[in-house]
Amino acid sequence: MASNMYHKEKSIQMKSSASALYNNLSVLRIAPRSLTYFTVVHANMVNMVSASWDGLNYSHRQLQSKEANVATSSSLIMQAAWCVLPSRDILVLTSQKGIQMYESDGSIMVYWHALDTPETQTAQAVFARGIAAVREKYICVGISSGSMLVFDVPIKGSNITLSEVLEEHKESITDLASECSGSLECIADMVSADDSGNLCVWKSGEDFQLLNKIPGFDMSCSSVKLWKGTVVAGYGTGQIRLYEAVTGIVHAEVNAHARWIYSLDIAPFSGLLLSAAEDSLVRVWHLTMTPETNSVEIVHMYNECVTDTQICGAKFCDGDGYAFAVTGYDLSEIIRYTQV
Amino acid sequence: MSMRTLPLVFINLGGEMLYILDQRLQTQNTADDNTQKGVWSDDDRKRVMNDIIATMFSKAFMEELLKPQDLYSNRALRTVLTRLAHASIMRLNPASMDRLYELMVMAFKYQLLLCPRPRDLLIISYNHIDAIREFVRDTPSVLNQVDETHRKIIEVYTPLSDGEFQLLRQTLLIFLQDMHVRVSLFLKDKVQNPNGRFALSTTGPVPHGTEVPGLIRMFSGNGKEWKRWEFPTGGSYTSSIRVGSFERFGDRVSRIGTNMYSVTQPEETHTSKNYSQKANSEPNPLAKEELNLLARLLGGMKVQNRNTETGFRVNLFATDQEEEEAGASGANGDQSFQVINIQATQDVQVNTELARIAGEFTGEPEQTESPEGPSNKGDDLLAMMDEL
């Protein structure tokens with residue numbers, strides 16, 4: 001392990017602290033403008049910071065969850081994530097009340113989908129969680145019931161429509177991920193995870209097709225990624241598992257963290273994997289595919305301990321994994337690290 | 001988010017409140033000051049504890065809490081907890097209630113953060129219930145209520161999945177976000193840093209169900225392990241210890257949620273705020289819906305009519321002189337440890353009290369109680385134990 005692989009950079013200050021939610025950091029790199037956007041959820045609000053690459057300019061925006069002020073019905077936001085589509089980038093917010101979609105810089109809301117709330121209060125919480133852009137034109141969002149909504153997104157404009165509802169999971173959706181290698185050869189386009197650790201592997205299209213169901217072991221899978229046909233799943237037990245998406249074959253099992261994993265990310269060009277958990281640790285791993293033997297190898301590269309912090313978000317800032325950013329519960333800063 | 005937070009919130013926050021009150025009220029007995037007019041006897045203390053516990057664990061109250069619903073707003077929770085604290089003859093003024101609330105909340109926040117697995121929030125709750133049971137062991141009727149409630153909690157919460165418990169925990173953590181009040185007991189034990197944040201350890205046993213980090217295992221297509229190796233973890237973990245009992249009785253194993261306060265350490269209930277932090281503001285008044293919920297909840301609590309009794313005014317945390325000094329320096333944003341005094345006074349006008357709480361429902365700013373005249377301050381003065 002290279003103990004000096006990364007070093008800490010100057011943190012970015014936010015207007016408010018990060019909430020303890022899975023995958024609570026989203027990063028969007030805008031190369032033409034030499035900017036990176038960061039979004040972090042705080043209760044019923046999203047902090048959006050845009051940082052110029054020269055480190056000189058920062059601007060802040062805060063987005064409210066819709067219907068946050070109706071009576072006392074708080075609408076807590078569960079997740080905020082960028083969906084990168086060929087012609088546009090959409091910022092998606094999922095909350096207790098519904099799904100909000102914004103254009104690029106968060107200035108215009110282009111779509112609102114209200115969740116069905118039951119007439120009488122049930123013990124089952126209602127919320128949306130799990131966001132992924134799939135192939136060229138879809139945005140998928142998970143629901144607490146286990147359903148998943150597939151939205152069809154046009155090249156421009158607000159004519160976003162609900163294309164399909166996928167009913168496969170029986171437990172609350174925790175995270176969604178689309179194939180991020182950029183390769184068109186991969187059969188599987190998306191993986192969905194739920195609170196019992198069940199994983200579903202999908203092929204996108206007019207009608208999404210379920211390719212495989214990988215059973216869980218009664219432990220929540222809080223974060224999931226899909227890269228070169230390999231599912232990388234992080235669990236509440238602190239374990240990371242690598243599966244072959246289409247067959248469900250287990251490639252590897254890592255006793256990675258001592259507490260609940262909150263975030264996973266992959267740098268698609270280099271195969272670096274980032275994992276972060278409530279145990280205050282961020283770990284960097286390297287994945288190597290060996291097509292001949294159809295195996296995936298995972299090697300540990302680096303550890304970073306964010307003292308006294310339960311980490312809730314960790315993302316690479318670029319496709320090579322040259323830099324990554326971290327958020328923690330109750331922290332009002334986005335901590336950044338870059339390779340030495 | 002989670003619809004099941006309230007019962008656990010009240011058991012744990014209420015439990016912490018009882019620990020603090022119990023310690024503070026016992027401290028009164030050991031006062032050396034001979035100018036005390038009245039004596040806060042053991043019986044009086046037990047009476048206060050019994051009254052609060054009886055109200056908290058009353059069938060009506062618990063039934064209301066157990067209904068699936070969103071977590072109350074900060075303001076609503078404060079209101080109900082204040083009413084609970086006043087379920088007996090003891091009265092606390094708003095400033096005192098503030099400090100008591102801070103202590104309760106910071107303790108609960110600490111417990112939530114340290115909770116090894118989300119499900120262990122139940123162990124923490126049961127530790128509180130076990131202690132509460134001890135407080136009322138001589139009062140069979142109240143003890144019975146506590147037992148009944150415990151049974152109900154076990155019934156409701158045992159079937160929840162780990163994911164649902166984590167959602168519950170996340171909901172509570174959002175509620176407690178940005179609270180960094182420093183508590184001298186925590187600072188002394190080094191579980192809290194001077195900046196108000198809790199120290200999280202990277203050593204010790206892993207939670208039950210988690211493996212000690214460090215192992216990577218590779219599998220071939222047929223499921224056989226073909227390679228394993230270790231990686232450096234940067235922490236120092238050991239195997240998990242046995243699981244505590246989730247039944248009504250039994251060894252809970254974990255000490256989280258047990259009584260941190262003891263009679264011999266009265267100074268540990270000092271709190272100090274970082275005054276530069278912005279206050280938690282809630283501009284929106286309670287909505288009609290929440291108001292109705294609260295009314296039902298409070299309606300289930302028996303109102304103690306104390307009009308005819310002589311007052312029991314308790315200085316929970318400091319002498320009057322120290323209080324005046326503290327009051328003077330408080331406004332200066334002094335960040336050194338101050339003696340934060342909880343002044344408990346008799347409230348002869350229960351109706352005024354209720355009216356004040358009712359005023360909070362409509363979103364009016366909290367009215368401070370009318371200042372005590374000098375003559376009142378001299379009466380029933382019970383000395384404080386705190387040294388500083």
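Here is how names work: the chains are called A, B, and so on, in the same order as the sequence lines, proteins then strands, and each is numbered from 1.
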Enquirer: Could you walk me through whether A:Val254 and B:Phe231 pass the side chain to side chain contact (heavy atoms under 4.5 Å, CB included) check?
Expert: CA-CA 10 Å; A:Val254 185; B:Phe231 68 89; 3.9 Å; yes
Enquirer: Specify which of B:Glu211, B:Glu164, B:Gln170 makes the most heavy-atom pairs with chain A at under 4.5 Å.
Expert: B:Gln170
Enquirer: Distance alone, cut at 3.5 Å: any donor-acceptor contact between the side chains of B:Gln177 and A:His42?
Expert: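 The answer is yes; a qualifying pair exists.
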Enquirer: Counting only non-hydrogen atoms closer than 4.5 Å, does A:Asp194 touch chain B with its backbone (N, CA, C, O), its side chain (CB onward), both, or neither?
Expert: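 For A:Asp194, neither part sits under 4.5 Å from chain B.
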Enquirer: For A:Glu253 and B:Phe219: C-alpha separation, side-chain torsions, deciding distance, then whether side chain to side chain contact (heavy atoms under 4.5 Å, CB included) applies.
Expert: CA-CA 8 Å; A:Glu253 213 174 79; B:Phe219 298 92; 3.7 Å; yes
Enquirer: Using heavy-atom distances under 4.5 Å, tell me whether A:Arg241 contacts chain B through its side chain, its backbone, both, or neither.
Expert: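 Nothing of A:Arg241, per the 4.5 Å heavy-atom cut-off to chain B.
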Enquirer: Please name the pair of heavy atoms, one in A:Ala256 and one in B:Pro213, separated by the smallest distance, quoted to 0.1 Å.
Expert: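 Distance-wise, the nearest heavy atoms are O-CB, 3.8 Å.
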Enquirer: Can you name the nearest heavy-atom pair linking A:Cys305 to B:Thr202, along with the distance?
Expert: SG-CG2, 4.1 Å
Enquirer: Where on A:Ile249 is there a heavy atom nearer than 4.5 Å to chain B: the side chain, the backbone, both, or neither?
Expert: side chain
Enquirer: Got B:Pro207 and A:Trp260 here, is their nearest side-chain heavy-atom distance under 4.5 Å?
Expert: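 They are not in contact (no side-chain heavy atoms under 4.5 Å apart), so the answer is no.
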Enquirer: Counting heavy-atom pairs closer than 4.5 Å to chain A, which one of B:His208, B:Lys227, B:Arg197, B:Arg228 comes out on top?
Expert: B:Arg197
Enquirer: Please report the closest heavy-atom contact between A:Ala123 and B:Met3, naming both atoms and the distance.
Expert: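 Distance-wise, the nearest heavy atoms are O-CB, 3.7 Å.
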Enquirer: Grab the two heavy atoms, one from A:Ala43 and one from B:Ile174, that are nearest each other, plus how far apart they are.
Expert: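 So the two residues come closest at CB-CG2, 3.8 Å.
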Enquirer: List the steps and the verdict of side chain to side chain contact (heavy atoms under 4.5 Å, CB included) for B:Lys109 and A:Asp330.
Expert: CA-CA 11 Å; B:Lys109 185 170 182 176; A:Asp330 245 356; 2.6 Å; yes
Enquirer: Of the non-hydrogen atoms in A:Gln310 and B:Leu113, which two are nearest, and what is the gap between them?
Expert: NE2-O, 3.0 Å
Enquirer: Heavy-atom distances under 4.5 Å only: say whether A:Ile298 touches chain B with side chain, backbone, both or neither.
Expert: both
Enquirer: Are B:Arg117 and A:Glu278 close enough for a salt bridge, meaning some N to O gap below 4.0 Å?
Expert: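 Result for this pair is no, no salt bridge flagged.
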Enquirer: Is a side-chain donor or acceptor of A:Asp308 paired with a backbone partner of B:Leu200 at a separation under 3.5 angstrom?
Expert: yes
Enquirer: At a 4.5 Å cut-off on heavy atoms, which part of A:Phe217 comes close to chain B: side chain, backbone, both, or neither?
Expert: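 Contact with chain B: none, neither part.
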Enquirer: Let me know if A:Tyr22 has heavy atoms under 4.5 Å from chain B in its side chain, its backbone, both or neither.
Expert: both
Enquirer: If you look at every heavy atom in A:Arg283 and B:Pro232, which pair is closest and at what distance?
Expert: NH1-O, 4.0 Å
Enquirer: Within the 3.5 Å criterion, strictly below it, is a donor on B:Gln166 or A:Ser220 matched to an acceptor on the partner's side chain?
Expert: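 Absent: no donor and acceptor within the cut-off.
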Enquirer: Do other residues, nucleotides or ligands put more than 12 heavy atoms under 6.0 Å from A:Asp116 CG?
Expert: no
Enquirer: Go through A:Glu244, A:His251, A:Met219, A:Met78 and name the one with the most non-hydrogen pairs under 4.5 angstrom from chain B.
Expert: A:His251
Enquirer: Counting only non-hydrogen atoms closer than 4.5 Å, does A:Ser172 touch chain B with its backbone (N, CA, C, O), its side chain (CB onward), both, or neither?
Expert: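 For A:Ser172, neither part sits under 4.5 Å from chain B.
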Enquirer: Is it the case that the side chain of B:Tyr237 and the backbone of A:Ala258 share a donor-acceptor pair, with hydrogens and angles ignored and the cut-off at 3.5 Å?
Expert: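 Not a single qualifying donor-acceptor pair exists.
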Enquirer: Counting heavy atoms not belonging to B:Arg151, are there more than 12 under 6.0 Å from its CZ?
Expert: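 Buried by this count: over 12 neighbours within 6.0 Å.
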Enquirer: What residue in A:Tyr262, A:Tyr235, A:Phe127 has the most heavy-atom pairs under 4.5 Å with chain B?
Expert: A:Tyr262
Enquirer: Given the options A:Ala18, A:Ser332, A:Ser95, A:Cys221, which has more heavy-atom pairs under 4.5 Å with chain B than any of the others?
Expert: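 Option with the greatest count: A:Ala18.
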Enquirer: If you count heavy-atom pairs within less than 4.5 Å of chain A, which of B:Asn222, B:Leu176, B:Val206, B:Leu173 leads?
Expert: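 Looking at each option in turn, the highest pair count goes to B:Leu173.
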Enquirer: For B:Asp189, I'd like to know if atom CG has over 12 heavy atoms of other residues, nucleotides or ligands within 6.0 Å.
Expert: yes
Enquirer: Tell me if a side-chain donor or acceptor on A:Gln239 pairs with a main-chain N or O of B:Thr210 at a distance below 3.5 Å.
Expert: no
Enquirer: Looking at B:Val212, B:Thr233, B:Asp162, B:Leu167, which one has more heavy-atom pairs under 4.5 Å with chain A than the rest?
Expert: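 If we count pairs closer than 4.5 Å to chain A, B:Thr233 comes out on top.
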